[in-house]
Amino acid sequence: QVQLVESGGALVQAGGSLRVSCAYSGRTFSIFNMGWLRQAPGTEREFVARITWTDANTLYADSVKGRFTISRNNDENTVYLQMNVLKPEDTAVYYCAANVLAGPSPRADYWGQGTPVTVSS
């Protein structure tokens, strides 16, 4: 079992920045990547970013590339998503996930409960 707990969601203004966090625990040896997905009201869940467990290789959705940065602190068992130059279309509930399969219908082995991010115009 892997447990994921997100935090840091907030209301921010367009152009601002925010960092959300995901604390992970459990059988981390089963994890090959950690990532973030999001779901806006009335839309399907979409892939945002992921980082591999072994070499920290990163992958980003085109919509966030250059603005968002995913990172991990192994000592604190935490993965982060730094979000800069936020746009109203970034408004969504952000979910931490383990073993993410990116694509038009993203999947993962483990999910957190989500943390809401609202970007005002």
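Because the structure is a prediction, the values reported are computed rather than measured. Residue numbers start at 1 and run along the sequence shown.
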Enquirer: State, yes or no, whether a side-chain contact exists between D90 and R67 at a heavy-atom distance under 4.5 Å.
Expert: yes
Enquirer: How far apart are the closest heavy atoms of N73 and Y24, and which atoms are they?
Expert: O-OH, 4.0 Å
Enquirer: Shortest non-hydrogen contact from L37 to P106?
Expert: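 Looking at all heavy atoms of both residues, the closest pair is CD2-CB, 3.1 Å.
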Enquirer: Work out which heavy atom in V2 is nearest to a heavy atom in R27; give both atom names and the distance.
Expert: CG2-O, 3.6 Å
Enquirer: Does V20 share a hydrophobic cluster with V79, counting links as ILVMFWY side-chain heavy atoms below 4.5 Å and allowing steps through other members?
Expert: yes
Enquirer: In the structure I gave you, are the side-chain heavy atoms of T115 and S7 within less than 4.5 Å of one another anywhere?
Expert: no
Enquirer: Hydrophobic clusters here meaning ILVMFWY residues chained together by side-chain heavy-atom distances under 4.5 Å, can you tell me if M83 and V48 are in one?
Expert: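 Same cluster: M83 reaches V48 through Ile, Leu, Val, Met, Phe, Trp or Tyr contacts under 4.5 Å.
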Enquirer: With clusters defined by side-chain heavy atoms of hydrophobic residues (ILVMFWY) lying less than 4.5 Å apart, directly or transitively, does V117 cluster with W111?
Expert: no
Enquirer: Considering only heavy atoms from C-beta outward, does the side chain of F47 approach that of L101 to under 4.5 Å?
Expert: no
Enquirer: Restricting to non-hydrogen atoms, name the atom on E6 and the atom on W36 that form the minimum distance, rounded to 0.1 Å.
Expert: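 That would be CG-CZ3, 3.8 Å.
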Enquirer: Answer yes or no: is there a donor N or O on one side and an acceptor on the other, between the side chain of N84 and the main chain of S17, under 3.5 Å?
Expert: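 Pair absent, no side-chain N/O of N84 close to backbone of S17.
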Enquirer: What's the separation between atom CD1 in I51 and atom CD1 in I70, rounded to the nearest 0.5 Å?
Expert: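 Interatomic distance, I51 CD1 to I70 CD1, rounded to 0.5 Å: 6.0 Å.
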Enquirer: Are the side chain of R72 and the backbone N or O of W53 linked by a donor-acceptor pair below 3.5 Å?
Expert: yes
Enquirer: Specify the closest pair of heavy atoms between A92 and A40, including all atoms of both residues, with the distance to one decimal.
Expert: CB-N, 3.7 Å
Enquirer: Find the distance between OH (Y110) and OG1 (T28) and round it off to the nearest 0.5 Å.
Expert: 10.5 Å
Enquirer: Are the side chains of S63 and R38 in touch, meaning some heavy atoms are under 4.5 Å apart?
Expert: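 Yes, at least one pair of side-chain atoms sits under 4.5 Å.
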Enquirer: Supply the atom-to-atom distance L4 CG to T78 OG1, rounded to the nearest 0.5 angstrom.
Expert: 11.0 Å
Enquirer: Looking at N57, is its backbone amide N or carbonyl O close enough to the side chain of R50 to form a donor-acceptor pair, meaning the two atoms are under 3.5 Å apart?
Expert: yes
Enquirer: Angle between ring planes, Y94 versus F68, binned at 30° and 60°: parallel, tilted or perpendicular?
Expert: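 Correct class here is tilted.
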Enquirer: Please report the interatomic distance CG(L18) to CD(Q82), rounded to the nearest 0.5 Å.
Expert: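 Going from CG on L18 over to CD on Q82, the span is 7.5 Å.
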Enquirer: Does atom CD of Q13 have more than 12 heavy-atom neighbours from other groups under 6.0 Å away?
Expert: no
Enquirer: If you measure from CG on N33 to CD1 on I31, what distance do you get to the nearest 0.5 Å?
Expert: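 Here the rounded value is 9.0 Å.
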Enquirer: From Q1 CD over to S25 OG, what is the distance, rounded to the nearest 0.5 angstrom?
Expert: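 Those atoms lie 10.0 Å apart.
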Enquirer: Taking it one step at a time, do Y60 and T69 satisfy side-chain contact (heavy atoms from CB on, under 4.5 Å)?
Expert: CA-CA 8 Å; Y60 298 91; T69 302; 3.7 Å; yes
Enquirer: Between V93 and G114, which heavy-atom pair has the shortest distance, and what is it?
Expert: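 Nearest pair, atom of V93 first, then G114: CG1-CA, 3.8 Å.
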